[in-house]
Amino acid sequence: MANTNFSPGLNQALALDQQDPLRKFRDRFYQLEGGKIYMDGNSLGLASKDAEDALLRVLEVWKKEGILMWNIDDGYFFQYARILGNRLAKLINAGENEVIVAGNTTVNIHQLIATFWQPTKERYKILVDDLNFPTDRYAIDSQIRLKGMQVEDVLKIVKSKDGIFIDEDEVIDAMTDDVAVVLLPSVLYRSAQLLDMERLTAEAHKRGILIGFDLCHSIGCVVHDFQKIDADFATWCNYKYISAGPGASAGLYVNKRHFGKPVGLAGWFGNRDETQFQLKHTFDQAPDAIAWQTGTPNHFSMAPIEGVLNIFEEAGLQHIHEKSLNLTAYLMYLIDQNLKPFGFSYNNPTDDTKRGGHVSLVHEEAYRICLALKQHQVVPDFREPNVIRLAPIALYNSYEDAFKIVEVLKQIGEQKEWEQYSAVRAMVT
Ligand SMILES: *Cc1c(COP(=O)(O)O)cnc(C)c1O
């Protein structure tokens with residue numbers, strides 16, 4: 001539970017940093033040049049020395065071994081997707097060989113929908129919400145079209161009433177007899193709402209519906225227990241809270257009760273190890289989640305995961321989650337204390353059990369305020385139309401960072417600094 005005894009003033013921030021058990025991990029990460037304060041680790045986590053070392057090691061192995069690298073160390077690099085998957089699995093408490101590292105979130109959604117959505121005349125709908133990250137929808141819509149069906153007929157969308165939060169009761173009410181599969185995010189990328197995956201899964205299963213989750217905005221920040229949640233499938237990217245670098249290979253989870261289910265998108269790395277190199281033209285499906293691998297794994301996009309997992313294992317996800325909640329609670333406290341008169345508010349759950357890892361700061365001039373923040377050496381994250389996401393990352397952000405940002409925002413508010421900037425949007429916001 002987050003601390004609620006906050007007080008104004010820099011002294012408390014410094015004291016909280018002093019007592020922070022994760023404090024030492026900050027030095028394992030490269031801070032940006034010019035002393036910039038980074039609050040965008042939920043878009044792209046910072047580089048660490050651990051990630052760098054692991055990446056360079058794979059490069060060395062390739063230099064020294066060439067193709068022989070597949071066979072050294074008992075096939076460590078041949079089994080890389082499985083080995084890293086089993087380490088990542090601990091972050092969501094998944095079982096042995098239920099997680100692999102492969103592809104990206106989008107292609108994994110294609111893979112999982114192609115596998116788990118097997119429409120029949122009676123049960124053919126896919127249930128989604130209208131606040132999920134758009135790529136999830138693009139993938140689902142194209143899977144529907146690939147089957148020669150109409151998106152309007154197949155897709156069932158639970159609409160948010162306020163455009164900010166999803167009402168779980170409404171999702172459950174929409175789980176009707178014609179629904180085959182549900183795909184939802186664990187944490188909404190804009191409002192940071194954390195859905196009750198265990199409850200949603202139990203309700204889906206009661207009705208004979210399969211359910212999967214996109215964990216992009218919670219993996220590495222929120223403790224999940226997939227043995228308990230018992231969802232059918234999940235996927236996530238590893239470049240946000242996990243901090244494995246741009247384009248890091250993604251995670252893919254398949255519940256062991258589905259092992260052996262024919263994979264939607266088959267490829268030779270999903271073949272059983274023993275027969276893979278016989279190169280037969282009939283697919284001999286691997287007996288666990290490795291079956292959902294397609295082609296050759298992307299070692300350079302996987303190595304940083306190996307490095308950074310050392311940090312996660314040393315720090316402990318429980319501590320990371322606690323500090324994350326405390327940092328966002330502290331930010332909310334400071335916003336309440338300092339920023340209300342200048343038109344700021346926040347649209348994220350205040351309840352610890354319902355909040356992911358960021359604060360969703362709202363202001364009608366959010367876009368231009370982000371430009372001003374950059375001028376003040378703060379790296380924030382803008383989301384249309386009026387949201388500034390502030391993601392203090394437990395492993396490398398401090399309470400002092402949170403304090404300073406609110407001080408900067410106060411100054412921007414007092415001086416109406418946004419008036420100096422154009423509201424014309426840049427390409428990547
Ligand atoms: C970041 C994010 C993605 C990104 O998908 P990629 O294919 O990895 O680029 C997808 N879904 C959600 C919810 C995200 O937050």
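Atoms within each ligand, like the ligands themselves, are counted from 1 in listed order. Numbering starts at 1 and runs along the sequence shown.
- Scanning all heavy atoms of the two residues, the minimum distance from Asp401 to Met39 falls at CB-CE, 3.9 Å.
- Atoms of ligand 1 lying under 4.0 Å from any heavy atom of Cys216, numbered from 1 in the order shown and given with element: 2 (C), 3 (C), 10 (C), 11 (N), 12 (C), 13 (C), 14 (C), 15 (O).
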Candidate pair Ile37 and Val379, rule side-chain contact (heavy atoms from CB on, under 4.5 Å), full reasoning: CA-CA 6 Å; Ile37 301 181; Val379 183; over 6 Å; no
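- Interface of His217 with ligand 1, defined as ligand atoms under 4.0 Å from a residue heavy atom, comprises 15 (O).
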Applying side-chain contact (heavy atoms from CB on, under 4.5 Å), run through Lys240 and Leu44 and close with a yes or a no. CA-CA 5 Å; Lys240 290 173 180 159; Leu44 181 63; over 6 Å; no
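- Ring pair Phe6/Tyr330 is tilted by interplanar angle, where 30° to 60° counts as tilted.
- Tested against Asp230, the residues Arg199, Lys256, Arg257 include a single salt bridge (Lys or Arg N to Asp or Glu O under 4.0 Å) partner, Arg257.
- Scanning the protein heavy atoms around atom 5 (O) of ligand 1, the nearest turns out to be Thr105 CB, 3.4 Å.
- Those atoms of ligand 1 with a heavy atom of Tyr239 less than 4.0 angstrom away are 1 (C), 4 (C), 5 (O), 6 (P), 8 (O), 9 (O).
- With ligand atoms numbered from 1 in the order given, ligand 1 contributes 13 (C) to contacts under 4.0 Å with heavy atoms of Asn132.
- Using modelled atom types and a 3.5 Å distance limit, the side chains of Thr105 and Trp236 yield no donor-acceptor pair.
- Of all protein heavy atoms, the one closest to atom 1 (C) of ligand 1 is Lys240 NZ, 1.4 Å.
- Close approach of ligand 1 to Thr135 (heavy-atom distance below 4.0 Å) involves ligand atoms 5 (O), 10 (C).
- Atom 13 (C) of ligand 1 has Asp214 OD2, 3.2 Å as its closest protein atom, hydrogens excluded (heavy atom only).
- Near Asp136, the atoms of ligand 1 lying under 4.0 angstrom from a non-hydrogen atom of the residue are 10 (C), 11 (N).
- Nearest protein heavy-atom neighbour of atom 7 (O) of ligand 1: Thr106 OG1, 2.5 Å.
- For Ser48 and Asp50, the side-chain atoms include no donor-acceptor pair closer than 3.5 Å.
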